[in-house]
Colleague: 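Structure incoming, see below.
Letters A, B, ... are given to chains in the order of the sequence lines, protein chains preceding strands, and every chain is numbered from 1.
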2 protein chains.
Amino acid sequence: MRIVVADCSVDYAGRLSAHLPRAKRVLMLKNDGSILVHSDGGSYKPLNWMSPPCSHAQLELDETQTSAGIVEAWQVTHKKTADKLIVSIFEILHDSAHDLGVDPGLIKDGVEAHLQELLADQIELAGAGHTLVRREYMTPIGPVDILAKDAAGGSVAIEIKRRGGIDGVEQLTRYLELMNRDPKLAPVTGVFAAQEIKPQARTLAEDRGIRCLLLDYDAMRGMEDQNTLF
Amino acid sequence: MRIVVADCSVDYAGRLSAHLPRAKRVLMLKNDGSILVHSDGGSYKPLNWMSPPCSHAQLELDETQTSAGIVEAWQVTHKKTADKLIVSIFEILHDSAHDLGVDPGLIKDGVEAHLQELLADQIELAGAGHTLVRREYMTPIGPVDILAKDAAGGSVAIEIKRRGGIDGVEQLTRYLELMNRDPKLAPVTGVFAAQEIKPQARTLAEDRGIRCLLLDYDAMRGMEDQNTLF
DNA sequence: AAGTTCATTTCGAGA
DNA sequence: TCTCGAAGTGAACTT
C-alpha cells in the first residue's frame, strides 16, 4: 500500500469520460495495482478510481506537460476492459509505503442470526403465551432455529429466514415430520418466520398448516434497545 | 484529512454487526468526521466505514483493554442513526494530517454527448449510404441531435438518448412535425437511437414510422479507437 | 421533501 | 463460471 498526497488532476476514460480539476487529493495505491482518488469529504466512494486487475505505468512527460507544471504522470490501465485513468501530478506533498499483509477479512454477523436472537428474546411475537425452549434445537437432520412452547404447552418449531422462499418451507416441513415422530415433542406445529415471505412460500406453508410470521427487523431491534436501556 | 496506518481491530454495530480481526490497515479520517478502514486489496469499498455526519471520540481504556495491548480506542458515532464504529489500536505505524481544501468535484462527460459524437463519425450505422449534414441542427423548438441524408437524398432526423423512453420519442415526433413543414427539408424521416430502447418507446416509435437504432457504445468506441490508430 | 432510478456500482449466494 | 439479487448501498433526478 502506497499513500500519496498530491496536487493533481485526474482523467478517466472508460464507460464514461470524467475529469477532476487540479486540487490536493489523497491517492491510495493498493498492491494489486488498483488506485483510489479521495478528497476530504464525500462518502466512502472515491472521486475516481480504477478497480483491479490493472497495471500502473509512469508516463513520459512532453513539453506541454512540463511547462504546465506537471512533474509526474501516471497511467493506470484496466487489464480486461481497457479503461484508463491518468493522474497528472503537479506536486507531491506526501509519499509513504506500508506493508499491511493480507487482511483476515470482515466478519459479518448475519441478519438471520440476529433475527434468531431477537425472536428468541421476544418469543411472544410468535403468539401470545409462547415461551422459549431453546435456540438451535438439534435434530438428526440439522438444527431447528427455535423450539418454543405455545400457551397450551404444545411444541412449536420456528424456522427463521431473512427472505422466506419455498426452500425454507420445505426445510421446516422436514424438521416437523421428524420431530412429530418423537413422542416427547409431538404434536409439533410449525412457524415460518421471515422479514419477507414470498407468496408461493406462504401458500405452500399455509397449505401444510404452517403458520407464517412476518418479522419487522427494525421494530424488533428497537424493542431490544429498550429492553437493554431499562 | 488524517491518515493513520495502524495495527488494529474494528467493530461496527448498526444495521448489522461486523468485526474486523486485528491486522494492519489504513485509517482515513476525513474532516467531516467520517472514517474509512481500508486494507491492501478489494475494490474502492472500505472494509468498514462511518459515513458523515458523525463524530469522533477517544475512549478511556479499561484494564482488560490495556492488558490486551490496546494503546488507543476510537469511537465514531453517527449523528442520526446511532450507528457505532469502534477502532481498537494496538500500534500506530504512521500518522499524518494534510490540509486538502475543498475539492472542485468530478466533471462527468455525459455519455449522450459522446454517443452523438460517435454516431456523427459513424453515420452509416444509421443506414447504408447515409451522410452527415450536421450535428445539433437548430429548429425553433430546440436542436435535433443529428441531421443526415439517406442514400436517396432524403432528410433524416436522429434523436440520441442513452436510454430510450417514451419521452425521447415524443421529442423526436415534435421535431419531425416541425421539420416536415419546411419544404427545403421535407420529407424528413426519424431515427430514434439509444443504447437501450424500452419496449413501450419502440412500439410508439415504430407506430409513428420512426426507425429504432440500438447503439453499441463499446463497439462504437472501439471503432473510433481503430480510426484514430490507423 | 419524498420517491424512483441509476451506478465506472460492489458483493455475495445459488445454479 | 455465470446470473441474479442485496447493499450499513450512495447519488442524481422526478414529482
Colleague: Salt bridge check, A/Arg15 against A/Asp83: does any charged N sit closer than 4.0 Å to a carboxylate O?
Modeller: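 Result for this pair is no, no salt bridge flagged.
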
Colleague: 5'-most contact on DNA chain C: B/Gly42 or A/Leu47, nearest heavy atom basis?
Modeller: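 The residue mapped nearer the 5' terminus is A/Leu47.
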
Colleague: Take atom P in C/dA2 and the same atom in D/dG8, then report the distance between them in whole Å.
Modeller: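 It works out to 24 Å between them.
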
Colleague: Looking just at side-chain N and O atoms, do B/His19 and B/Ser17 make a donor-acceptor pair shorter than 3.5 Å?
Modeller: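 Note: B/His19 and B/Ser17 side chains miss the donor-acceptor criterion.
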
Colleague: Is there a Watson-Crick or G-U wobble partner for C/dT5 with both distances under 3.5 Å, and which nucleotide is it?
Modeller: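 Partner of C/dT5: D/dA11.
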
Colleague: Just how far, in rounded Å, is C1' of D/dC13 from CG of B/Asp167?
Modeller: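 To the nearest whole Å, that distance equals 13 Å.
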
Colleague: Provide, to the nearest angstrom, the distance between the NZ atom belonging to A/Lys45 and the P atom belonging to D/dA7.
Modeller: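 Rounded to whole Å, this separation is 18 Å.
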
Colleague: Is A/Met50 touching bases, backbone alone, or none of the nucleic acid, heavy atoms closer than 4.0 Å?
Modeller: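 Answer is nothing: A/Met50 stays at 4.0 Å or more from every strand.
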
Colleague: Flag this pair as yes if the NZ/CZ of B/Arg22 is under 6.0 angstrom from the six-membered ring centre of B/Phe90 and inside a 45 degree cone about the axis; otherwise no.
Modeller: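 That pair qualifies as a cation-pi contact.
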
Colleague: Would you mind telling me which residue lines up with the more 5' stretch of DNA chain D, B/Lys108 or B/Trp49, judged by nearest nucleotide?
Modeller: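 Going by which nucleotide is closer to the 5' end, it is B/Trp49.
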
Colleague: Going by centres under 5.5 angstrom and planes under 30 degrees, do the aromatic ring of B/Tyr44 and the base ring of C/dT10 stack?
Modeller: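 No, B/Tyr44 does not stack on the base of C/dT10.
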
Colleague: What is the separation between atom NZ on A/Lys30 and atom C1' on C/dT10, rounded to the nearest whole Å?
Modeller: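 In whole Å, C/dT10 C1' lies 12 Å from A/Lys30 NZ.
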
Colleague: Keeping the roles fixed (side chain from A/Thr173, backbone from A/Val169), state whether a donor-acceptor pair exists under 3.5 Å.
Modeller: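 Looks like yes, one N/O pair under 3.5 Å.
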
Colleague: So what does A/Ser51 touch, heavy atoms closer than 4.0 Å: a base, only the sugar-phosphate, or nothing?
Modeller: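 A/Ser51: backbone/sugar contact only, no base atoms under 4.0 Å.
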
